[in-house]
Amino acid sequence: MIATLLVITSLWAPLGFQSAPPTVSGVVRDESGGVVAGALVVVRAGGAERQTATAPDGRFSVERPAPGDVVVIVRAGGFAETERRLTADAGALDIVLRPATLLEAVTVTASRGASGSDAPGTSTVLTRAMLDSTAAPMLDDQLKSVPGFSLFRRSSSRVANPTTQGVTMRGLSASGASRGLVIVDGVPLNDAFGGWIYWDRVPQTALDRVEIARGGSSDLYGADAVGGVIQVLTLAPSRPTARASVEIASRNTPRVSLFGGGAYQGWSAFASGEWQRSDGFVIVAPEERGPVDTPAASSYRTAYANIGYQTGSWHASVRGNVFEESRLNGTPLTTNNTASRSVSADLSGTAAGGVWIVRGYGGTQGYDQSFSAVVTARTSESLTQRQHVPSRNGGATAQWSVFARRTSWTIGADVRHVSGSTEETPFSRGVATGFTSAGGVQWDAGLFGRAEFAATDRLTLAGSARVDRWSSETTGDPSLTHGVVAFDPKVGAAWRAGEHVTLHALALQAFRTPTLNELYRSFRVGNTLTAANDGLQPEGLTSVEGGITVNRHAASLRVVGFWSHLADAVTNVTQSSTPSLITRQRQNAGTIRAAGAEIEGEWQIAHAVRATVGAELVDSVFADSQEPGLAGNRVPQVPRTQASAGLRVSAPGGILATLQLRFNSSQFDDDRNQFLLGRATVFDIFASRPLGRGVQIFGAVENTFNDDYDVGRTPTRTIGLPRTLRGGIRAYLR
């Protein structure tokens, strides 16, 4: 019948009737109605093919490659591949993507172009539904179930000093600075001065999904991505949408998170905000506490907003963030406060058969910290120093992506500027004894490119490379300037060995430059003093990986082996140790060798029951070092085994329950391997029940069995989050 209609319409065409519109167009959304930007759209007809990517408003338009029936394939990180077959007279499309299972999405659709689902690489996607059904309320704790992800310390961002919240992956720890890049809607979230992460800057109700790509990514993202990239994507509503969450947790911890937005006649906008406070808990272990120890309390408030306009294929938007945080760090005299402001602007469109985007961003921040010395019996403390750390940052990026039948290309350039200083006032017996200031200016500019080629229906090849020029100059002393030119390539291949089996392999180089914090800011945690070092040099990574992914019926499994060699690794090297003070300095201490394997799997046990597992086994050691006694030691803050297991059960009446178990084997807190942190086992429970359309109540228990686990030894033993109860109500209206 379809063939007959095609013949008739082809005969009518000369009489002035058009057989089909010249383009295939539409919009791509998720199940909540939010648009999906950066999705790869493949249009096939008559043996020909064309490709494009969705614009920031989720729309696409592709020339019909040939007359006849059309197949439209849409791929996006975090979603299952969707295929739509159209007849010749189909109009504009409204394509809804369903969330991917754990292993259906294998690439990150971050701000460096979209990739096909067969591209080589290793990534994990946490969808909105997954984030909403975890017992942990903060993003850093939610990410701890991902194999290979870790922070410098085990503590939650609810009670930790932000300078210990550096993210790393695949055993490349050793310093509080991040060895991974975190970006929000294409803009870096890493603290510009220190590299650590403020995980509470983006309201929870604004989150859409999180994509985690493990392994060196300097080939596209530069110096901050030596361990991988975490992309946080916010909701982009195409119709009136509102979200609200109100909750209360143990230790007097209320939180309110709100989101609202929509689109009208080309305009789109959203605004979100979040507030939380907590009395916290005493982080020093009970057997070592003294009168000086107080709860590590905290509070923060944040706002994130966007306004955009679409005309034709052009789209422009402006986003802004205001963030304030205040913390008490466990004793009366140790506090820190942060206040930051940031703004970004995007302009995108289509030209010359490709999709282009230009982005600029900038911000300012003030960070204040106080330190103290505590007597051995922990009966009193004395103020030792106060720091004020002002910083500014700005950057810009431009890129162009082209999609052909079997090949996709992305080329681009970016530049980033950071300036900041540490203004320090030392104290002796409660009296200020002077004032010092140290800081600098850093520039990083890079050119990057990526190509992906489907050599056959089974084999996909990918290659990318980046050239960076980095420089760092000490404020007020131009003679203390150093820089480096880095070339970071990556090559990989993915091969479909069968209908259910895919193999991939990668080889790459990456690098990381020292932050202004490492160069110029000293700090003290308990009775451990860590000194800055303005002579630090960049780190260099060489890494290879290979893996197999098996998807069959109700079960999926991925196993990846990796080997990494990080030269000139910056670590905190112990210089002296006494009962009252341990002194360390950041140094290019040697070479870290991390070799291991990651395992991820899921099993749909029944229609309403899904199980997931994840693990990383890694041996991370100092392979060699110029520092005596360091070679052969295990890298601090890296456990040999991380594992998690989860169970998700959907019961009648819309009731949802999730169970999650996380395990970390023992790890060392220091480079000398003198302070051992014991293993940690944490079991969490979450349950929710709908009250009506778009409204649900929920409850959660973290660390259900109240496991007492180590977080640090400085040398005082500090502990992790005790049993925590949380409950509240959510509303999602659209």
Side-chain angles (χ1 to χ4, degrees), residues 30-32 78 80 98-104 124-147 149 156 158 204-205 207-210 243-250 253-255 257 553-556 600-615 642-663 680-707 720-732:
D30 61 20
E31 291 182 332
S32 70
R98 67 174 181 83
T101 59
L102 180 67
L103 301 180
E104 282 181 306
T124 301
V125 179
L126 300 182
T127 64
R128 177 75 218 180
M130 295 176 183
L131 297 174
D132 276 346
S133 59
T134 59
M138 308 305 291
L139 184 56
D140 58 302
D141 292 320
Q142 294 167 343
L143 289 170
K144 288 177 181 177
S145 63
V146 177
F149 171 89
S156 167
R158 282 167 279 182
Q204 282 282 315
T205 49
L207 297 179
D208 183 57
R209 65 187 187 276
V210 182
R243 289 176 172 175
S245 177
V246 180
E247 61 186 67
I248 185 72
S250 301
T253 306
R255 181 170 72 165
S257 187
H553 303 306
S556 301
E600 288 181 284
E602 78 175 353
W603 179 26
Q604 192 73 38
I605 300 174
H607 176 71
V609 182
R610 175 181 294 177
T612 60
V613 295
Q642 287 179 273
S644 67
L647 193 67
R648 182 184 180 93
V649 181
S650 300
I655 297 174
L656 173 67
T658 62
L659 312 176
Q660 186 179 80
L661 178 69
R662 298 196 313 272
F663 170 79
T681 305
V682 177
F683 181 68
D684 297 338
I685 302 173
F686 172 89
S688 66
R689 184 184 188 281
L691 294 181
R693 185 173 180 180
V695 180
Q696 67 172 213
I697 57 172
F698 64 90
V701 184
E702 295 178 82
N703 195 5
T704 305
F705 300 113
N706 204 30
D707 185 62
L721 188 74
R723 182 189 295 117
T724 299
L725 307 180
R726 184 169 68 100
I729 185 169
R730 293 184 183 130
Y732 182 17

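Scope of the values below: all heavy atoms of this structure, side chains included, with no hydrogens, waters or symmetry mates. This is a predicted model, so every value here is computed, not measured.
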### Query
Within the side chain of R726, is there an N or O that forms a donor-acceptor pair under 3.5 Å with the backbone of A135?
yes
### Task
Would you check if the side chain of N706 reaches a backbone N or O of R723 as a donor-acceptor pair within less than 3.5 Å?
yes
### Message
With side chain to side chain donor-acceptor pair (under 3.5 Å) as the rule and sequence neighbours excluded, what pairs involving residues 642-651 come up?
### Response
S133-R648
### Query
Can you name the nearest heavy-atom pair linking N703 to L721, along with the distance?
ND2-O, 2.8 Å
#### Entry: Non-hydrogen atoms of V125 and M130 that approach each other most closely
O-SD, 3.6 Å
### Query
Any chance the side chains of T124 and E600 put a donor and an acceptor closer than 3.5 Å?
yes
### Query
Do the side-chain N and O atoms of D141 and S156 include a donor-acceptor pair separated by under 3.5 angstrom?
yes
### Query
Is there side-chain contact between F683 and I685, with at least one heavy-atom pair below 4.5 Å?
yes
### Task
Would you check if the side chain of R610 reaches a backbone N or O of Q604 as a donor-acceptor pair within less than 3.5 Å?
no
## Note on the structure
For G654 and P690, the nearest pair of non-hydrogen atoms, with its separation, is O-CD, 3.3 Å
### Query
Looking at side-chain heavy atoms only, is the closest gap between E247 and Q204 below 4.5 Å?
no
#### Entry: Main-chain N/O of S250 paired to T724 side chain as donor or acceptor, under 3.5 Å
no
#### Entry: Smallest separation among heavy atoms of S245 and R730, with atom names
OG-CG, 3.8 Å
### Query
Given side chains that start at C-beta, do those of I729 and V695 come closer than 4.5 Å, heavy atoms only?
yes
#### Entry: Minimum side-chain heavy-atom gap D707-F705 below 4.5 Å
no
### Task
Please answer whether the main-chain N or O of T205 pairs with a side-chain N or O of S257 as donor and acceptor at a distance below 3.5 Å.
yes
### Task
Supply the atom-to-atom distance D684 CG to E702 CD, rounded to the nearest 0.5 angstrom.
5.5 Å
### Task
Could you tell me which non-hydrogen atom of A700 sits nearest to which non-hydrogen atom of F686, and how far apart they are?
CB-CD1, 4.1 Å
### Summary
Between the CZ atom in R255 and the CE atom in M138, the distance rounded to the nearest 0.5 Å is 6.0 Å
### Query
Should I697 and L691 count as side-chain neighbours, where that means a heavy-atom distance under 4.5 Å?
yes
### Task
Starting at CG of L126, measure out to CG of D132 and round the result to the nearest 0.5 Å.
11.5 Å
### Message
Would you say that L139 contacts L131 through its side chain, given a criterion of any heavy-atom pair below 4.5 Å between the two side chains?
### Response
yes
### Test side-chain hydrogen bond (donor to acceptor under 3.5 Å, both in side chains) applied to S145 - qualifying residues, sequence neighbours left out
none
### Distance-minimising heavy-atom pair for F149 and L143
CD2-O, 3.4 Å
